[in-house]
Amino acid sequence: HARGFVLVFLNQPGPAIEAIQRALRLSPLDPQGPGFKSALAAAHFVGGRYQEAVEWADRALHERPNFDPAMAVKVVSCAHLGRIDEAREWLRRRLELQPGLTIAEWRARSAVKFASPEFLALYVDGLRKAGLPEE
């Protein structure tokens, strides 16, 4: 799972998906299942497979309804699919849990400091499309 997560940030969706799917096979009842599923959603997002990303985010959210990593991937994936109203609704839900969140704050406090420029550009573009303010 950790390997897959790192590969997502390095913009390597294929190997990331393989690693995360292996983690799911090895531990199908793992209490960290929503984390596995949201990481798989992020891998599909990075690979440009936004519908698959939404589906995996939904699986994680089914298990843990307020799971921020899954909500985040759902926001940006819906935005890239052109489902702006849905992206904004999920962004609204995130902002209920994280009032005042901005793109600048997200960059400052998340693990994305280690992400590839391609990942950052794609993700921030989704956040902007969904309406998250810069500052």
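- What you find for Leu120 and Trp106 is that their closest heavy atoms are CD2-CH2, 4.2 Å.
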Fill in: Trace of the side chain to side chain contact (heavy atoms under 4.5 Å, CB included) decision for Trp90 with Val73
CA-CA 10 Å; Trp90 281 97; Val73 174; over 6 Å; no
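- You'll find the side chain of Met71 reaches within 4.5 Å of the side chain of Leu97, heavy atoms only.
- In the displayed structure, Arg22 atom CZ is contacted under 6.0 Å by at most 12 heavy atoms of other residues, nucleotides or ligands.
- Taking every heavy atom of both residues into account, Ala41 and Ala57 meet most closely at CB-N, 3.5 Å.
- Summarising the geometry, atom CD belonging to Gln12 is positioned 8.0 Å from atom CZ belonging to Arg3; distances are rounded to the nearest 0.5 Å.
- Classification of the Tyr123-Phe45 ring pair by plane angle, with boundaries at 30° and 60°, yields perpendicular.
- Val46 and Phe9 end up in the same hydrophobic cluster when Ile, Leu, Val, Met, Phe, Trp and Tyr side chains are linked at under 4.5 Å.
- In the hydrophobic clustering of ILVMFWY residues, with side-chain heavy atoms under 4.5 Å counting as a link, Tyr50 and Val54 come out together.
- Phe119 and Leu10 end up in different hydrophobic clusters when Ile, Leu, Val, Met, Phe, Trp and Tyr side chains are linked at under 4.5 Å.
- Thr102 is not listed as a side-chain neighbour of Glu134, based on a closest heavy-atom distance of 4.5 Å or more.
- A salt bridge links Arg83 with Glu86: the distance from a Lys NZ or Arg NE/NH1/NH2 to an Asp or Glu carboxylate oxygen falls below 4.0 Å.
- You'll find the side chain of Leu24 stays beyond 4.5 Å of the side chain of His1, heavy atoms only.
- Note that the CZ atom of Arg25 and the CD1 atom of Ile20 stand 11.5 Å from one another [nearest 0.5 Å].
- Of all heavy-atom pairs spanning Arg49 and Ala43, the tightest one is NH2-O, 4.4 Å.
- Proximity of Ile84 to Glu89: side-chain heavy atoms (C-beta onward) are nowhere separated by under 4.5 Å.
- Counting heavy atoms from C-beta outward, Val8 and Pro13 have side chains that stay 4.5 Å or more apart.
- Contact between Ala53 and His44 at its shortest, heavy atoms only, is N-CB, 3.7 Å.
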Without placing hydrogens or testing angles, list every side-chain donor-acceptor pair under 3.5 Å for residues 26-36, not counting sequence neighbours.
{"unit_1": "Ser27", "atom_1": "OG", "unit_2": "Asp30", "atom_2": "OD2", "d": "3.0"}
{"unit_1": "Asp30", "atom_1": "OD1", "unit_2": "Gln32", "atom_2": "N", "d": "2.7"}

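- In this structure, Glu96 CD and Leu91 CG are separated by 10.5 Å, a value rounded to the nearest 0.5 Å.
- Here the straight-line distance linking atom CD of Glu55 with atom CG of Asp58 works out to 8.0 Å at 0.5 Å rounding.
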Practice prompt. Quick one: do Leu122 and His80 satisfy side chain to side chain contact (heavy atoms under 4.5 Å, CB included)? Show the steps, please.
Written response: CA-CA 9 Å; Leu122 186 66; His80 282 291; 3.8 Å; yes
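- With rounding to the nearest 0.5 Å, the separation of CZ in Arg94 from CG in Asn66 is 11.5 Å.
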Item to complete: Using the salt bridge (Lys or Arg N to Asp or Glu O under 4.0 Å) rule, take Arg59 and Glu63 through it: C-alpha gap first, then chi angles, then the decisive distance, then the call.
Response: CA-CA 7 Å; Arg59 290 178 189 190; Glu63 292 179 34; over 6 Å; no
Worksheet entry | Worked verdict on Val124 versus Leu132 for side chain to side chain contact (heavy atoms under 4.5 Å, CB included) | CA-CA 9 Å; Val124 168; Leu132 188 65; over 6 Å; no
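- In this structure the side chain of Ser38 never reaches within 4.5 angstrom of the side chain of Trp56, judged on heavy atoms.
- The two atoms that bring Gly100 and Glu105 nearest to each other are O-OE1, 3.3 Å, heavy atoms only.
- Side-chain atoms of Arg93 and Gln98 include no donor-acceptor pair closer than 3.5 Å.
- When every heavy atom of Ala130 is checked against every heavy atom of Arg88, the shortest pair comes out as O-CG, 3.0 Å.
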